[in-house]
Asker: 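Just dropping this structure here.
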Amino acid sequence: MLKRPFSILSLTRVFMFILLCSIYYSLCEDGELWRKTFIIIAILLFIGNHLLLFSSLLKPHYIWFILLDFVLSACFGFIFAGETNMYFIMFGILAVTLFIRTDNKKVLYTYVGLFFITWILISFTTFRITKTISFSENIINLMFIIYGAVVGDLIRKLLIAKEKIADQYEQLSLSHQELSDVHEQLRSYSKQVEELTVIRERNQIAREIHDTVGHKMTALLVQLQIAREFMNLDLEESKHSIQNCEGLAREALEEIRTSVRTLHEDDGLITSFISTLQKLLKDFSQMTTIEVSLEINGDLSATPTSIQPTINRIIQESLTNSKRHGNATKCHVSIDCKPDFIHLYIKDNGIGTFQIQPSFGLLNMRERAMEHGGSIHYESKEGHGFIVKANFPLKQLLWSTRGIK
């Protein structure tokens with residue numbers, strides 16, 4: 001608010017003081033040197049005080065600078081009492097300045113009180129000199145000062161609103177810049193998510209192909225070995241093995257096509273989960289000559305459909321590893337279904353291992369279990385086979401009619 005001493009509004013203020021002083025100077029007689037000297041000193045004080053009033057360093061002391069202008073204006077009223085009432089214009093200028101500068105009620109009431117005291121004293125001095133007093137003229141001059149105070153208050157509010165708008169515009173610009181930065185970050189994150197999604201889909205395809213085609217290829221290799229052994233001993237058995245190999249190859253090709261097309265081979269199955277497991281174990285046993293047994297405790301049909309493909313893949317991968325790495329001849333699969341969890345236990349009689357080195361297949365099994373909030377553990381000893389233990393927690397839903405009216 002009036003921060004610069006050379007703005008249009010502030011320059012108008014100091015120019016009015018100089019103009020009024022010049023008019024007062026013209027009222028002086030030729031021999032009234034002391035009054036002319038006072039006017040010249042007053043002009044210099046008005047100008048210097050104006051510069052100090054708008055100094056940023058002296059801003060907290062604005063009350064005293066306005067007080068100096070007030071005293072000078074009052075001096076004009078006393079010195080030229082009975083000759084002119086132009087000192088009211090000076091007080092009007094001061095009213096504008098004061099109400100622009102502050103809305104502190106204590107300061108405003110103090111200056112208003114000082115003004116009325118000064119006005120009464122000047123009016124009394126004028127009455128002593130002229131023996132007359134014009135109430136209408138004084139009332140008009142008083143209304144002019146009140147008008148100046150109202151104008152000053154309105155200007156102050158206007159300047160405050162202008163500063164507030166400027167601050168809000170600056171904040172809006174900053175917000176816009178921040179929003180642009182966030183938008184750019186979102187674009188970057190979106191690109192990263194897209195890349196991660198592609199990587200995840202690739203990994204999922206690789207995992208599906210490994211779990212399905214790898215299983216078929218293991219069985220295919222076993223059948224080829226059988227066909228080679230029986231080629232010179234039993235031609236019919238050898239032909240039968242070759243037919244099995246052809247069937248396995250066709251199934252593996254279909255597995256690849258299905259995995260690439262849908263990434264979820266089991267989504268379209270309408271057979272029961274038990275039937276699916278039985279067919280899996282039966283086919284594997286026929287193709288690899290491994291004796292496989294299945295034990296189910298609890299209601300397997302209550303198993304959530306979202307977990308069934310994972311259990312199916314873990315069993316399939318475990319059987320494949322039993323033949324491929326453990327040279328097992330027997331494998332036992334146990335599924336324990338409880339209301340709050342499903343426990344999967346797979347054990348073979350393979351050669352076992354002293355130290356388990358997680359392969360691609362074992363890592364895939366762990367990832368599948370973790371996707372459903374489950375866990376999986378591996379145990380093995382040399383000469384004592386390989387054990388897979390998986391646990392899947394189930395969410396319980398509770399519904400009650402209590403409280404329903």
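Any value given below was found using the heavy atoms of this structure, including those in side chains, with hydrogens, waters and symmetry copies removed. These numbers come from a predicted model, not from an experiment.
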Asker: Going by salt bridge (Lys or Arg N to Asp or Glu O under 4.0 Å), name the pairs with one or both residues in residues 42-58, residues two or more places apart or in two chains.
Answerer: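 Salt bridge (Lys or Arg N to Asp or Glu O under 4.0 Å) check on residues 42-58 returns no pairs.
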Asker: Quick one, Phe144 and Phe91 - any side-chain contact, counting heavy atoms below 4.5 Å?
Answerer: no
Asker: Does the side chain of Ile311 come within less than 4.5 Å of Phe392's, by heavy atoms?
Answerer: yes
Asker: According to the ring-ring contact (aromatic ring centres under 6.0 Å, His included) rule, which pairs have a member within residues 13-32, sequence neighbours left out?
Answerer: Phe17-Phe46, Tyr24-Phe76, Tyr24-Phe80
Asker: Would you check if Phe65 and Leu51 make a side-chain contact, meaning some heavy-atom pair closer than 4.5 Å?
Answerer: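 A side-chain contact is absent here, since even the closest heavy-atom pair is not under 4.5 Å.
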Asker: Tell me, with the steps shown, if Ile351 and Glu382 meet side-chain contact (heavy atoms from CB on, under 4.5 Å).
Answerer: CA-CA 6 Å; Ile351 60 176; Glu382 290 187 6; over 6 Å; no
Asker: CD1 of Ile133 to CG of Asn138: how many Å apart, nearest 0.5 Å?
Answerer: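 Here the rounded value is 5.0 Å.
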Asker: Rounded to the nearest 0.5 Å, what separates atom CG in Asp336 from atom CD in Glu295?
Answerer: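 The distance works out to 8.5 Å.
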Asker: Kindly compute the distance separating CD1 (Ile315) from CG (Leu294), expressed to the nearest 0.5 Å.
Answerer: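 If I round to the nearest 0.5 Å, the distance is 7.0 Å.
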Asker: How long is the span from the CD atom in Glu83 to the SG atom in Cys28, to the nearest 0.5 Å?
Answerer: 8.0 Å
Asker: According to salt bridge (Lys or Arg N to Asp or Glu O under 4.0 Å), who are the partners of Lys389, at least two apart in sequence or on a separate chain?
Answerer: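 Here the qualifying residues are Glu379.
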Asker: Just wondering, are more than 12 heavy atoms of other shown residues or ligands nearer than 6.0 Å to CD in Gln168?
Answerer: yes
Asker: What is the distance from atom CG of Asn297 to atom CD1 of Ile335, rounded to the nearest 0.5 Å?
Answerer: 9.5 Å
Asker: Could you walk me through whether Gln316 and Leu280 pass the side-chain contact (heavy atoms from CB on, under 4.5 Å) test, one step at a time?
Answerer: CA-CA 7 Å; Gln316 188 180 56; Leu280 170 67; 3.7 Å; yes
Asker: Please list, one pair per line, the donor and acceptor atoms closer than 3.5 Å that link side chains of residues 104-118 to other protein atoms, with sequence neighbours excluded.
Answerer:
from, atom 1, to, atom 2, distance (Å)
Asn104, OD1, Lys106, N, 2.9
Asn104, OD1, Val107, N, 3.4
Thr110, OG1, Lys106, O, 2.7
Tyr111, OH, Ile63, O, 2.5
Tyr111, OH, Leu67, N, 3.1
Thr118, OG1, Leu114, O, 2.8

Asker: Does a side-chain heavy-atom distance below 4.5 Å link Ile307 with Leu394?
Answerer: yes
Asker: Count the heavy atoms belonging to other residues, nucleotides or ligands that lie under 6.0 Å from CZ of Phe124, then report whether that count exceeds 12.
Answerer: no
Asker: For the pair Leu344 and Ser334, evaluate side-chain contact (heavy atoms from CB on, under 4.5 Å) and give the outcome as yes or no after the intermediate values.
Answerer: CA-CA 6 Å; Leu344 177 63; Ser334 175; over 6 Å; no
Asker: Taking atom types as modelled, is there a side-chain donor on Tyr62 or Thr102 under 3.5 Å from an acceptor on the other?
Answerer: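 Yes, Thr102 and Tyr62 have a side-chain donor paired with an acceptor closer than 3.5 Å.
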Asker: Has Ser285 got a side-chain atom pairing as donor or acceptor with Ile290's backbone, closer than 3.5 angstrom?
Answerer: yes
Asker: Sequence neighbours excluded, which residues qualify as salt bridge (Lys or Arg N to Asp or Glu O under 4.0 Å) partners of Asp348?
Answerer: none
Asker: Show the nearest heavy-atom pair for residues Leu53 and Arg101, with the distance to one decimal.
Answerer: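 Between these two residues, the closest heavy atoms are O-NH2, 2.8 Å.
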Asker: Using the rule given for side chain to side chain donor-acceptor pair (under 3.5 Å), can you reason through Thr276 versus Asn312, listing the C-alpha separation, both sets of side-chain angles and the distance that settles it, and then say yes or no?
Answerer: CA-CA 8 Å; Thr276 302; Asn312 187 50; over 6 Å; no
Asker: Holding to side-chain hydrogen bond (donor to acceptor under 3.5 Å, both in side chains), I want the full list of residues that pass it with Asn85, two or more places apart in sequence or in another chain.
Answerer: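 For Asn85 the side-chain hydrogen bond (donor to acceptor under 3.5 Å, both in side chains) partners, ignoring immediate neighbours, are Glu137.
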Asker: What's the spacing between Ile39 CD1 and Leu72 CG if we round to 0.5 Å?
Answerer: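 These two atoms lie 12.0 Å from each other.
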Asker: Do the side chains of Ile356 and Phe386 get nearer than 4.5 Å, heavy atoms only?
Answerer: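 In contact.
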Asker: Minimum heavy-atom separation for Ile129 to Ala81, with atom names?
Answerer: CD1-O, 3.6 Å
Asker: Apply side-chain contact (heavy atoms from CB on, under 4.5 Å) to the pair His343 and Cys337, showing each step before the final yes or no.
Answerer: CA-CA 7 Å; His343 177 68; Cys337 301; over 6 Å; no
Asker: Per the salt bridge (Lys or Arg N to Asp or Glu O under 4.0 Å) rule, what does the pair list look like for residues 65-79, sequence neighbours excluded?
Answerer: Arg13-Asp69
Asker: Do the side chains of Asp153 and Arg156 get close enough for a salt bridge, i.e. N-O under 4.0 angstrom?
Answerer: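 Yes, charged N to carboxylate O under 4.0 Å.
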Asker: Do you know the tightest heavy-atom contact between Ile145 and Gly92?
Answerer: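 That closest heavy-atom pairing would be CG1-N, 4.0 Å.
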Asker: Anything under 3.5 Å between a donor and an acceptor, one on a side chain of residues 177-186, the other on a protein residue two or more places apart or in another chain? List them.
Answerer:
from, atom 1, to, atom 2, distance (Å)
Gln177, NE2, Asp181, OD1, 3.3
Ser180, OG, His176, O, 2.9

Asker: Check side-chain hydrogen bond (donor to acceptor under 3.5 Å, both in side chains) between Glu32 and all other residues, then give those that pass, not counting sequence neighbours.
Answerer: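 Here the qualifying residues are Arg35.
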Asker: I'd like to check the side-chain hydrogen bond (donor to acceptor under 3.5 Å, both in side chains) partners of Asp299; sequence neighbours left out, ordered by chain and number.
Answerer: Ser301
Asker: Please name the pair of heavy atoms, one in Ser380 and one in Gly352, separated by the smallest distance, quoted to 0.1 Å.
Answerer: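 So the minimum-distance heavy-atom pair works out to OG-CA, 3.4 Å.
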Asker: For Arg366, what residues pass the salt bridge (Lys or Arg N to Asp or Glu O under 4.0 Å) criterion, not counting sequence neighbours?
Answerer: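 If we apply the salt bridge (Lys or Arg N to Asp or Glu O under 4.0 Å) test to Arg366, skipping adjacent residues, there are no hits.
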Asker: Could you report the tightest heavy-atom contact between Asn49 and Ile66, atom names first, then the distance?
Answerer: ND2-N, 4.5 Å
Asker: For atom CZ of Phe78, decide whether the heavy atoms of other residues, nucleotides or ligands shown that lie under 6.0 angstrom number more than 12.
Answerer: yes
Asker: Any heavy-atom pair between the side chains of Ile47 and His50 that's under 4.5 Å?
Answerer: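 His50 vs Ile47: side chains apart.
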Asker: Decide yes or no for Val333 and Ile296: does some side-chain heavy atom of the first lie under 4.5 Å from some side-chain heavy atom of the second?
Answerer: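 No - every pair of side-chain heavy atoms lies 4.5 Å or more apart.
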Asker: Which heavy atom of Ala95 sits nearest a heavy atom of Ala149, and at what distance?
Answerer: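 Shortest heavy-atom contact: CB-N, 3.9 Å.
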Asker: Who pairs with His372 by side-chain hydrogen bond (donor to acceptor under 3.5 Å, both in side chains), at least two apart in sequence or on another chain?
Answerer: Thr310
Asker: Got Ile387 and Tyr345 here, is their nearest side-chain heavy-atom distance under 4.5 Å?
Answerer: yes
